Amino acid sequence: MNIQVADRSTSASKGKVKQAIADCDIHPSPKSLEIEIYPYLSKRWRSYLESYGFIYRQGFPNGPAFPKGQPDAARRDAYPPNGGRPGSDLEFMREQHLDPNNVQLGILNPLKSGQGLQNSDFAEAYCRAVNEWQIAEWTSKESRLKASLMVPFEDAKASVAEIDHWAGNPHFVQVLLLSRTIEPLGQRRYWPIYEAACRANLPVAVHAFGYGGTPVTGGGWPSFYIEEMVGHAENTQSLLTSMVIEGVFERFPTLKVILVEAGFAWLPALKWRLDKLWHRMRDEIPHVTRPPSELIQEHVWLTTQPMEEPEPREHLLDTIEWIGWDKLLFATDYPHWDFDDPARALPLKLSKERRENFFLGNALDLYGLR
Amino acid sequence: MTIAPPPTTGAIDCDIHPSVPSIEALLPYMADHWRDTIVQRGVHNLETIAYPKNAPLTARPDWRPAKGLPAADVVTIQAQALDPFATSIAICNCLYGVQLLMSEDIAAAFANAVNQWMAAEFLDRDPRLRASIVIPTQNTEMAVAEIERWADDKRFVSVLMLVMDENPLGRRLYWPIYAAAARHGLPICVHAGSAYKHPVTSVGWPSYYTEDYAAQSPAFHNMVSSFICEGVFAKYPDLTVVLAESGFTWLPAHLWRLTKFWRGLRAEIPWVDRPPTEIARDHFRLTLQPVDAPPTVSDFERLMEHMGSDEMLLFSTDYPHHQFDGNAVLPEGLSPTLARKIMVDNPKNTYPRLQ
Amino acid sequence: MAKYVVSPAKDIPPGGRKLVEVRGRPIVIFNLDGEYFGMLNRCPHQGGSLCNGQLVGLVQSTEPGEYHFSRQDEIVRCPWHGWEFDIRTGHSMCEPDRIQATRYNVGIEAGAAVTEGPYVAETFGVTVEESYVVIEI
Ligand code: FES
């Protein structure tokens, strides 16, 4: 390809001071495993990795079951000029994203980080390595960035140990899980993780994607990437339903859950459905003592990306009102292809206060960083 | 004293559920071999976990008989589902575990028996009743054969499938079913329920029945995606799909999301050459009950605006499932014009055989 | 309408593109086999830089399962959310009648003509020997 002039700037309207934002979903990648991750792996796991690679609950070791819309699901303009994968170069991330978009707080959510590996011991070791790496390469070099505590969530005991190990470390602002787990996240096998997170005073974020091994619909495997992609919202609805109905929020009254990268417009209808069902089904779930909508209101936040785009766009105002203006955390998903540009993603008239909270304040409050 | 007619007088009820009272009730409609197999092997009644017998949702208290299953004979249905609402027509969607069976042969035998039983026990006995053809989705050829068997009987007005089958419903293996349905002017009724060939959620099996029922809604999201993305309506432009017992209020947000992604990923599915929102408005219809409604009338009105069409909803009671009490089947906030469309015009326009 | 000289033609070979700025507007010039086309470098969706988009072919279908591929590299795909635009017309592939990238008329003029005017050459000197890409705004 012959690109004469590379304009890597964003669409920033120049000169204007932009609304400062919290970006609650940034995906960092290592420049290379050898250089950045191996130092934190024991010789045993380095050699295991060399021999077997990453074995998840899916058939391809080198890529996803559904080929993405773009290589690495990345924005085409997010490849660092000095080489490497999108999201692997802090300097370039500053230049392309953090500075021009006035990111005051950026939450790192590393993917492909050992979570959901079939081999639990390896998952445990790899999560630890990624935690070390986030501090060494990112958060200790850039104070605007905060790390997510990776845990090998299919093994609750190991996850608790990982949370306890880092508890109190200011680099970590949340525990990260993926949405596609072996069993729904409300099930008891995951409860020790919630208990430990509460103890460490950390919210639990659940990022869409993962490898639970179950078909991505209750009716089998679809054909197309777009179906899988859209389906992350359905996936997230199921795990949220599970957390509510299995009684997680009753059991852990201080638990805060953040649903990441599943959009949000689906939440109102789900709340209405669950409330209606709860009234009808009290005899089966007596441990759920309050209407699901109340529990969700109290315990659940959502990141905004990929933001739905109804026509007319004003319908989104109804939706956000039904969710609560204080429950949404702005996120771009940088450097991925379905990035939401803070300047353009919400083309609606909002009061200054509302805008400020939507883009920044809600996140500062939730993470206790005001 | 005169009693005002119910507001639903003359409505077309697009989703009621007669129960197969027992497996014996089907034996007269089976070939010798299958009759013998069922007796010899002690095949159990094919009720499913989709509606546990005594769960509160499964039947309204006043629709529960002292003995046996609800809605199991025509007299009960007349007294409970037809007369009180003064409906002109009601469509029977028989939820019986045919789709769950592992052998396609036995599934075909059961599907045919259920249809015969439906015709003899219900359609022959009340002219207000219509039904969906039950098909063995385990084998597409057999499913098509079953549709052909009933196609001339105009009292069968649609073809029944469950929202969670072994494969997503848009996949091409099912297309001969859609071809047959379109050929005969039969909409496909995709009803809540699962063949239980996979966990009901995309993250595994839940602990509680409540979650199973909640999971129907995400499954409907998935199947709307599947029908559209696979190009079923590009191939069969005359096909209509009725989503029954889906909760319906989820639809606008799902279409926003699907349409957003489609704009950037359309090259993967180039036969989808207009926005999914538009395709959905042309080809999907949704039954009314249960209404997963927002808390206030004004919220409901806003939601109806999000639907973007007044032609998509079809009146239904979901009898005997317990979705509402008394005769409060119409949600508050429907204008009389819209109520009339939902009760009469939309069903007529959806089912060619009701015109 | 004025005509602006934006680049020596040889700077944009066939298959190439170049980002220029005219009256404060970022415009990307594409060369498709010797024909030049100009497009505002802001995607009508959220403003992604089309200059950084990938050139792709046109995928169409007359029925599910059939894929017709043509016009290799005549479509630019926005680097952000992947909307495709026809470089020749600016029309989007998803909703061509509703969603369009802003296009500009672009031509080639000989250096001799350009030096005489009425062209505006914003940032560089022109010589008679070369030919130039000229944009009308
Ligand atoms: S900004 Fe170009 S597709 Fe979104």
Side-chain angles (χ1 to χ4, degrees), chain A residues 69 179-187 212 214-227 229-231 233-235 237-239 241-242 245-246 263 265-270 272-278 280-285 306-311 315 318-319 322 337-338, chain B residues 55-57 163-171 194-195 197-211 213-215 217-219 221-223 225-226 229-230 247 249-250 252-254 256-262 264-265 268-269 290 292-295 299 302-303 305-306 322:
Chain A
S179 66
R180 294 201 35 219
T181 44
I182 295 180
E183 291 189 274
L185 275 174
Q187 302 245 339
T214 310
V216 299
T217 86
W221 293 98
S223 303
F224 302 110
Y225 171 60
I226 184 173
E227 294 176 83
M229 184 79 198
V230 171
E234 287 86 278
N235 207 221
Q237 292 179 56
S238 293
L239 75 88
T241 300
S242 169
I245 304 295
E246 310 249 352
W266 46 265
L267 183 60
L270 180 70
W272 304 331
R273 182 171 182 83
L274 293 182
D275 276 3
K276 189 167 186 226
L277 259 176
W278 174 76
R280 185 70 67 231
M281 300 301 301
R282 300 280 310 259
D283 78 320
E284 193 202 24
I285 46 170
M307 214 178 299
E308 287 83 356
E309 298 178 10
E311 291 165 57
H315 286 167
D318 297 334
T319 305
W322 289 330
W337 72 273
D338 41 348
Chain B
L57 189 79
V163 70
M164 288 181 254
D165 202 65
E166 193 159 356
N167 288 282
L169 299 180
R171 292 201 82 144
S194 175
K197 306 276 165 82
H198 307 290
V200 287
T201 88
S202 52
V203 290
W205 295 98
S207 305
Y208 299 102
Y209 168 70
T210 306
E211 293 171 76
Y213 195 75
S217 164
H221 294 57
N222 294 141
M223 292 316 139
S225 299
S226 178
C229 295
E230 298 273 359
T249 57
W250 51 272
H254 178 64
W256 299 345
R257 183 171 165 92
L258 180 58
T259 298
K260 169 170 173 150
F261 285 135
W262 165 78
L265 295 172
E268 188 189 22
I269 45 172
D292 292 336
D299 289 329
R302 284 192 279 169
L303 179 86
E305 256 175 56
H306 295 190
H322 192 178

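Every value quoted in this text rests on a predicted model; they were computed, and no experiment measured them. Chain naming here is simple, since letters A, B, ... match the order of the sequence lines and numbering starts at 1 in each.
- Using a 4.5 Å cut-off between heavy atoms, A/Ile226 contacts chain B through both its backbone and its side chain.
- Looking at A/Pro268, there are no atoms closer than 4.5 Å to chain B (heavy atoms on both sides), in backbone or side chain.
- For B/Ala219, no part sits under 4.5 Å from any heavy atom of chain A, backbone or side chain.
- Counting only heavy atoms from C-beta outward, the side chains of A/Phe224 and A/Met229 never approach each other to under 4.5 Å.
- With hydrogens and angles ignored, the 3.5 Å screen pairs no side-chain donor or acceptor of B/Arg171 with any backbone N or O of B/Ser226.
- Using a distance-only test at 3.5 Å, with no hydrogens or angles considered, no donor-acceptor pair links the side chain of B/Glu211 to the main chain of A/Ile245.
- If you measure heavy-atom distances from A/Asp275 to chain B, you find no contacts under 4.5 Å at all.
- With a 4.5 angstrom heavy-atom cutoff, B/Pro252 does not touch chain A via any of its atoms.
- Highest contact tally toward chain A, considering only B/His221, B/Met223, B/His306, B/Glu305, is held by B/His306 [criterion: heavy-atom pairs under 4.5 Å].
- Looking at A/Asp283, the atoms closer than 4.5 Å to chain B (heavy atoms on both sides) all sit in the side chain, from C-beta outward.
- Comparing B/Gly170, B/Gly264, B/Gly247, B/Ala293 by how many heavy-atom pairs each has under 4.5 Å with chain A, the most go to B/Ala293.
- Ranked by non-hydrogen atom pairs under 4.5 Å with chain B, the options A/Arg180, A/Glu227, A/Arg282 are led by A/Glu227.
- Only the side chain of B/Lys260 comes within less than 4.5 Å of a heavy atom of chain A; its backbone N, CA, C and O stay farther away.
- Between B/Val203 and A/Asn235, the shortest heavy-atom distance links the atoms CG1-ND2, 3.4 Å.
- Here the side chains of B/Thr201 and B/Pro218 are not in contact, with every heavy-atom distance at 4.5 Å or above.
- Among A/Gly69, A/Pro222, A/Pro184, A/Ser238, the residue with the largest count of heavy-atom pairs under 4.5 Å with chain B is A/Pro184.
- A donor atom on one side chain and an acceptor atom on the other are not found under 3.5 Å apart for B/Trp250 and B/Asp292.
- A/Trp337 touches chain B through its side chain: at least one heavy atom from C-beta onward sits under 4.5 Å away, while N, CA, C and O do not.
- Separation of atoms CG (A/Leu239) and CD (A/Glu234) is listed at 12.0 Å; rounding is to 0.5 Å.
- In this structure, B/Phe261 CZ and B/Cys229 SG are separated by 11.5 Å, a value rounded to the nearest 0.5 Å.
- Using a 4.5 Å cut-off between heavy atoms, A/Glu246 touches chain B through backbone and side chain atoms alike.
- Counted by atom type alone, A/Gln187 and B/Ser207 present one or more donor-acceptor pairs between their side chains at under 3.5 Å.
- Both the backbone and the side chain of B/Leu303 have a heavy atom closer than 4.5 Å to some heavy atom of chain A.
- Proximity of B/Tyr209 to B/Leu57: side-chain heavy atoms (C-beta onward) are separated by under 4.5 Å at one or more points.
- Heavy-atom pairs under 4.5 Å with chain B were tallied for A/Trp278, A/Trp221, A/Trp266; the largest tally goes to A/Trp221.
- Contacts of B/Glu268 with chain A are made by both backbone and side-chain atoms, with heavy-atom separations under 4.5 Å.
- The main-chain N or O of A/Pro306 is never found under 3.5 Å from a side-chain atom of B/Arg257 such that the two would form a donor-acceptor pair.
- Chain B forms the most heavy-atom pairs under 4.5 Å with one residue out of A/Ser223, A/Gly212, A/Ala265, and that residue is A/Ser223.
- Ranked by heavy-atom pairs under 4.5 Å with chain A, the list B/Asn167, B/Ile269, B/Asp299 is led by B/Asp299.
- Ranked by heavy-atom pairs under 4.5 Å with chain B, the list A/Leu274, A/Val230, A/Leu270, A/Val216 is led by A/Val230.
- Options A/Leu267, A/Thr241, A/Ile285, A/Thr319 differ in how many heavy-atom pairs under 4.5 Å they form with chain B, and the most are formed by A/Ile285.
- Residue contact with chain A, scored on non-hydrogen atoms closer than 4.5 Å, involves the side chain of B/Leu265 exclusively.
- Looking at A/Arg280, its side chain does come within 3.5 Å of a backbone N or O of B/His322 through a donor-acceptor pair.
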